A.B. asks: 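What follows is a single structure, and I will ask about it in a moment.
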Amino acid sequence: MEIKTASFITSLADYHQDDPINLPQLAVVGRSNVGKSTLINTLCNRKKLCKTSSKPGKTRLINVFLINELFHLVDLPGYGFAKVDKAEKRRWGLMMDRYFQESTHLFHVLHLVDIRHEPTQDDIDMNTYFRQMNIPFTVICTKADKISRGARMKHIAPICRSLLVQPWELIPFSSEDGSGRDKLLETIGTLIDEEMNPQEVE
Ligand SMILES: Nc1nc2c(ncn2[C@@H]2O[C@H](COP(=O)(O)OP(=O)(O)O)[C@@H](O)[C@H]2O)c(=O)[nH]1
Ligand SMILES: [Mg+2]
């Protein structure tokens, strides 16, 4: 698919079922600083649609974007930021729980992990949560430009082991050189078609 229009809709400090977001939702989840906001900007071909930061832990809000007047892209607050205290972590957990339990329009999650590192316990916990909640997800390995193409498999293998996915199921992605962008857009297009026309899918 092509993204023709993208606009910012709202920032929510918390999620409630009766919020006026009633289109299919694709959520972007991952550690702080993994590249969630940058990925959204890259997909939409927009530099500043979504605020990015070199300092982790800035996004504490659920940011909602409208894509092609068709679906919502949801930038969720990141996890795994070492410097937040227990109360903040608890607040994050409650916020995420509420989102995943109440967002009846959520159809898929993009789970972002850094291609350079083995998934952290937080990454594994998040992934286990999606499985337990029966939330379909795709693992995206961000910052693929930081390693050579030849070294990709070496980095992907431990990610596959930790998150129990097959190498062909995940998408290496780079906002620097655009790799993975077409594949991800194609994947999203297929998911949207399935969501909109379920009877056409076997
Ligand atoms: N080299 C490289 N840097 C990236 C990439 N994606 C994000 N970054 C950088 O990583 C930092 C965090 O990105 P951001 O999108 O704000 O992460 P978020 O906290 O997950 O939303 C920023 O300095 C980005 O420029 C990428 O694909 N390649
Ligand atoms: Mg962000």
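For clarity, every value in this text was computed on a predicted model and none was experimentally measured. Remember, it's 1-based here, ligands and their atoms both numbered in the order they're listed.
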A.B. asks: Which ligand 1 atoms does K36 reach within 4.0 Å, using its non-hydrogen atoms?
C.D. replies: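 Contacts of ligand 1 toward K36, numbered from 1: 15 (O), 17 (O), 18 (P), 19 (O), 20 (O), 21 (O).
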A.B. asks: Only heavy atoms of R31, strictly under 4.0 Å: list the atoms of ligand 1 that pass.
C.D. replies: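 With R31 as reference, the close atoms of ligand 1 come out as 20 (O).
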A.B. asks: Show your working on side chain to side chain contact (heavy atoms under 4.5 Å, CB included) between K47 and N41 and close with a plain yes or no.
C.D. replies: CA-CA 6 Å; K47 284 210 168 69; N41 288 339; over 6 Å; no
A.B. asks: Minimum heavy-atom separation for L61 and A13, please, with both atom names.
C.D. replies: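 Reported closest heavy-atom pair: CD2-CA, 3.7 Å.
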A.B. asks: Please compare N41, T42, T38, N33 and report which has the shortest non-hydrogen distance to atom 25 (O) of ligand 1.
C.D. replies: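 Result: the heavy atom closest to atom 25 (O) of ligand 1 is in T38.
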A.B. asks: Please check: side-chain N/O of K143 versus main-chain N/O of R116, any donor-acceptor pairing under 3.5 Å?
C.D. replies: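 Not at all, since once roles are kept as given, no pair shorter than 3.5 Å links the two residues.
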A.B. asks: Give yes if a backbone or side-chain nitrogen or oxygen of V34 is under 3.5 Å from a nitrogen or oxygen of ligand 1, and no if not.
C.D. replies: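 It does: an N or O of V34 is found under 3.5 Å from an N or O of ligand 1.
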A.B. asks: Does ligand 1 have an atom that lies less than 4.0 angstrom from a heavy atom of D145?
C.D. replies: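 Yes, D145 has heavy atoms under 4.0 Å from ligand 1.
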A.B. asks: What atoms of ligand 1 come closer than 4.0 angstrom to any heavy atom of E176?
C.D. replies: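 Those atoms are 1 (N), 2 (C), 27 (O), 28 (N).
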A.B. asks: When you measure from the heavy atoms of S174 to every atom of ligand 1, does any distance fall below 4.0 Å?
C.D. replies: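 Heavy atoms of S174 do come under 4.0 Å of ligand 1.
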A.B. asks: Do N68 side-chain atoms and E2 backbone N/O form a donor-acceptor pair below 3.5 Å?
C.D. replies: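 Looks like yes, one N/O pair under 3.5 Å.
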A.B. asks: Taking only residues two or more places apart in sequence, or in another chain, which ones meet D177 in a side-chain contact (heavy atoms from CB on, under 4.5 Å)?
C.D. replies: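 With sequence neighbours excluded, D177 shows a side-chain contact (heavy atoms from CB on, under 4.5 Å) to D145, S174, S179, given in chain and number order.
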A.B. asks: Pull out every atom of ligand 1 sitting under 4.0 Å from any heavy atom of S175, numbered as shown with elements.
C.D. replies: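 Reading through ligand 1 atom by atom, the close ones are 26 (C), 27 (O).
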A.B. asks: For ligand 1, which atoms have a heavy atom of S37 less than 4.0 angstrom away?
C.D. replies: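 Matching atoms, with element in brackets: 15 (O), 21 (O).
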A.B. asks: Please confirm whether F100 and F130 have ring centers closer than 6.0 angstrom.
C.D. replies: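 They qualify: ring centres under 6.0 Å apart.
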A.B. asks: Under 2.8 Å from the Mg ion (ligand 2) - does any N, O or S atom of S37 fall there?
C.D. replies: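 Yes, S37 qualifies, because one of its backbone or side-chain N, O or S atoms lies under 2.8 Å.
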A.B. asks: Going only through I, L, V, M, F, W and Y residues with side-chain contacts under 4.5 Å, is there a path from F65 to V28?
C.D. replies: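 Linked, F65 and V28 end up in one cluster.
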A.B. asks: Would you say T142 has any N or O atom under 3.5 Å from an N or O of ligand 1, going by distance alone?
C.D. replies: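 Such a contact does not occur with ligand 1.
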A.B. asks: Check the hydrophobic clustering (I, L, V, M, F, W, Y; side-chain heavy atoms under 4.5 Å; chains of links allowed) and say if I9 and L43 are grouped together.
C.D. replies: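 Different hydrophobic clusters.
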A.B. asks: Please identify which atoms of ligand 1 are closer than 4.0 Å to at least one heavy atom of G35.
C.D. replies: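 Answer, ordered by atom number: 7 (C), 13 (O), 14 (P), 15 (O), 17 (O), 18 (P), 20 (O).
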